[in-house]
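Presented below is the structure to which this report refers.
All values derive from a computational prediction rather than experimental measurement.
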Amino acid sequence: MDIVFAAVIFLVSYVFIMSDKVNRAVVALAGGVLLLLTGIYTAEEMFISHIDWNTVALLFSMMVLISITDKTGLFSYIAIRFAQHVRGSPVPLLVGASILTAVGSALLDNVTTVLIFVPIMLRVTRMLKLPAFPYLLAIIFSSNIGGSATLIGDPPNIMIGQAVEHLTFLSFIQHLAPLALVLFFVMLIFLQLHFRDLLKNGGGDTSELMKINAEAYLIKSPMLYQSIAVLIMTLSGFLLHSFLHIELTVVAISGAVLLLLLTEKELEAEHVFEKVEWVTLFFFIGLFMLVGGLEEVGLIDKMAETIVGSTEGNYSMTALLILWVSGLLSGIVDNIPFVAAMIPVVQEFEHYGMTNLDPIWWSLALGACLGGNATLIGASANVVVAGLAEGARQRIPFLQFMRYGVPFVLLSLVITTAYIYIRYLLPLTGQ
């Protein structure tokens, strides 16, 4: 009965989230509370085992950093200078936003990247009277594609890199970055085809934009320089965390607390906390509770076991099935617990005579990262972008996002299938 309760609660909650008729954070939390009431797990298990507090703390810390920095006018300055550089042209603006997001997501984690860049893009589109949706869609797609290119870009890659010692930072770049580059250009063509009319006809009076003095938006007080310094230190900490042996969450919390202390005289902490996207944070907590129910009753493990049994030990079929199942499921279930369940399963393949597991690892990583583009809850970055957009009154409807996300994920998986087969599986079958 526990399996039935957990599955029904998850599915009903997901339907309500898709409907957009009730606040998504309330729906997710309500589903989590029902799991508690039905005894699927205890409160202790929920808080200790299922809610990923590292992710919640990282998000909260970055929101604090961004909130304080935003008060200095820095993001408004960047937004205006960026828009002026491309002279307000809609297509170059889309391409530029996509490039910056993809590169940032490859070098940093994609959640941090969208937290920094989405507020800028919302300002630019509002100023130029452009529709925000195509640009937010581009940022989400770019963040997940860029995040798939490196070990530190997306949580599934970090988990796989930690589980398999010989898959180094350079290994991820060598094997995944070429495909990410191809998918990035495919994404730009995909968006251009779907939004060419909006991008062609959009745009406000660019002459007014070019006359704006961007520096006038900067508040040149000590808080500006303190914010820039701490933000640079935090981002540097993200890049060097593996060498410093300090967790990403610790780096983010340290930066947030330091900036709160430095700016206390200019900006009260209460005003900073008011700008935190609490709906997004509680939605994450609710999602972890819902997926925790599936974990607790063993549904995620059963899905993993089914994958193994259905391939009957065929190497190529196993790799491609893992690619497609992880890609399709990552749009519905958070990819972090799925990858966590799949890692020990893949490791067991060695006992079935599969000595070279690298193509299977790459299939799992690519499927989990790229599949996140299917829905608004498929990846952490998606949820953050949706929260920031809603806070700026540019709400992204769940089903409208799926209208573009699902076809793009299917296209991405087809291209990835060809890449995996030609680069890894074909040489093995020819031996």
Would I377 and Y14 count as a side chain to side chain contact (heavy atoms under 4.5 Å, CB included) here? Give the steps. CA-CA 10 Å; I377 63 171; Y14 192 74; 3.1 Å; yes

For V164 and H166, run side chain to side chain contact (heavy atoms under 4.5 Å, CB included): C-alpha distance rounded to whole Å, both residues' side-chain angles, the deciding distance at 0.1 Å, then the answer. CA-CA 6 Å; V164 189; H166 70 273; 3.2 Å; yes

In sequence, state the C-alpha distance, the side-chain angles, and the governing distance for T168 and L151, and then conclude on side chain to side chain contact (heavy atoms under 4.5 Å, CB included). CA-CA 8 Å; T168 63; L151 188 150; 5.9 Å; no

Where do E277 and L281 land on the side chain to side chain contact (heavy atoms under 4.5 Å, CB included) test, with the steps shown first? CA-CA 7 Å; E277 296 288 339; L281 291 177; 5.8 Å; no

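The CD1 atom of I322 sits 12.5 Å away from the CE atom of M317 when rounded to the nearest 0.5 Å. In this structure, CG on L58 lies 14.0 Å from CH2 on W53, to the nearest 0.5 angstrom. Residue L136 holds its CG atom at 4.5 Å from CD1 of I396, rounded to the nearest 0.5 Å. Distance check: L370 CG to I415 CD1 gives 10.0 Å after rounding to the nearest 0.5 Å. With values rounded to the nearest 0.5 angstrom, I120 atom CD1 is found 11.0 Å from I80 atom CD1. Rounded to the nearest 0.5 Å, atoms CG (L179) and OG1 (T416) are 4.5 Å apart.
For CZ of F184, the number of neighbouring non-hydrogen atoms (other residues, nucleotides, ligands) closer than 6.0 Å is greater than 12. By the 6.0 Å contact criterion, CZ on F398 is enclosed, its count of non-hydrogen atoms from other residues, nucleotides or ligands being greater than 12. In this structure, R81 places its CZ atom where only 12 or fewer heavy-atom neighbours from other residues, nucleotides or ligands lie under 6.0 Å away.
Across all their heavy atoms, L122 and A389 have their closest contact at CD1-CA, 4.3 Å. Of all non-hydrogen atoms in G405 and F141, the two that sit nearest each other are CA-CZ, 3.8 Å. Shown here for M289 and L35, the closest heavy-atom pair between the two residues is O-CD1, 3.2 Å. Nearest approach of A368 to S330, heavy atoms of both residues: CA-OG, 3.3 Å. Minimum interatomic distance between A381 and V111 (heavy atoms only, all atoms of both residues): N-CG2, 3.9 Å. Minimum heavy-atom separation, H50 to Y41: CD2-CD2, 3.7 Å.
For the pair F284/I51, no side-chain contact is recorded, criterion being any heavy-atom separation below 4.5 Å from C-beta on. Contact check for V64 versus V257: no side-chain heavy atoms found under the 4.5 Å cut-off. With contacts defined as side-chain heavy-atom distances shorter than 4.5 Å, the pair M187/N144 does not qualify. By the 4.5 Å heavy-atom criterion applied to side chains, N157 and L176 are counted as neighbours. Using a 4.5 Å heavy-atom threshold, the side chains of R24 and L376 count as separate. Looking only at side-chain heavy atoms (C-beta outward), F133 and Q394 stay at 4.5 Å or farther from each other. Looking at heavy atoms from C-beta onward, S326 lies out of side-chain contact with L329 at the 4.5 angstrom threshold. A 4.5 Å side-chain heavy-atom check between S171 and W362 finds at least one atom pair inside the cut-off.
When atom types are taken as modelled, the side chain of R196 and the backbone of L193 share a donor-acceptor pair closer than 3.5 angstrom. Between the side chain of S148 and the main chain of I145, a donor-acceptor pair closer than 3.5 Å is present. Not one N or O on the side chain of T69 forms a donor-acceptor pair closer than 3.5 Å with the backbone of I66.
The salt bridge (charged side-chain N to carboxylate O under 4.0 Å, His left out) check on D52 picks up nothing, with sequence neighbours excluded. Residues meeting the salt bridge (charged side-chain N to carboxylate O under 4.0 Å, His left out) test with E45, sequence neighbours left out: none. Annotation: side-chain contact (heavy atoms from CB on, under 4.5 Å) contacts of E44 (sequence neighbours excluded): T42, I48. By the side-chain contact (heavy atoms from CB on, under 4.5 Å) test, R423 pairs with Q174, H175, P178, Y419, sequence neighbours left out. For R126, there are no side chain to side chain donor-acceptor pair (under 3.5 Å) partners, not counting sequence neighbours. With sequence neighbours left out, F190 forms a ring pair (Phe, Tyr, Trp, His ring centres under 6.0 Å) with H194, F408. The side-chain contact (heavy atoms from CB on, under 4.5 Å) search around S13 returns I9, V27, L290, not counting sequence neighbours. Partners of Q347 under the side-chain contact (heavy atoms from CB on, under 4.5 Å) rule, at least two apart in sequence or in another chain, are A163, I343, P344, W361.
There is no side-chain donor-acceptor pair under 3.5 Å between N373 and N382. One side chain, D154 or N110, offers a donor N or O that lies under 3.5 Å from an acceptor on the other. In the model, W324 has no side-chain atom that pairs as donor or acceptor with a side-chain atom of S363 under 3.5 Å.
Between F273 and W278, a ring centre-to-centre spacing not shorter than 6.0 Å is recorded.
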For residues 86-106, please give each side-chain donor-acceptor pair under 3.5 Å, one per line with the distance, not counting sequence neighbours.
from, atom 1, to, atom 2, distance (Å)
S98, OG, L94, O, 2.8
T101, OG1, A97, O, 2.7
S105, OG, T101, O, 2.9

Side chains of residues 249-256: which donor-acceptor partners sit under 3.5 Å, not counting sequence neighbours?
from, atom 1, to, atom 2, distance (Å)
T249, OG1, N54, O, 3.2
S254, OG, V250, O, 2.7

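A side chain to side chain donor-acceptor pair (under 3.5 Å) check over residues 397-411, counting only residues at least two apart or in different chains, returns nothing. Under the ring-ring contact (aromatic ring centres under 6.0 Å, His included) criterion, no residue pair touches residues 85-110, with sequence neighbours excluded.
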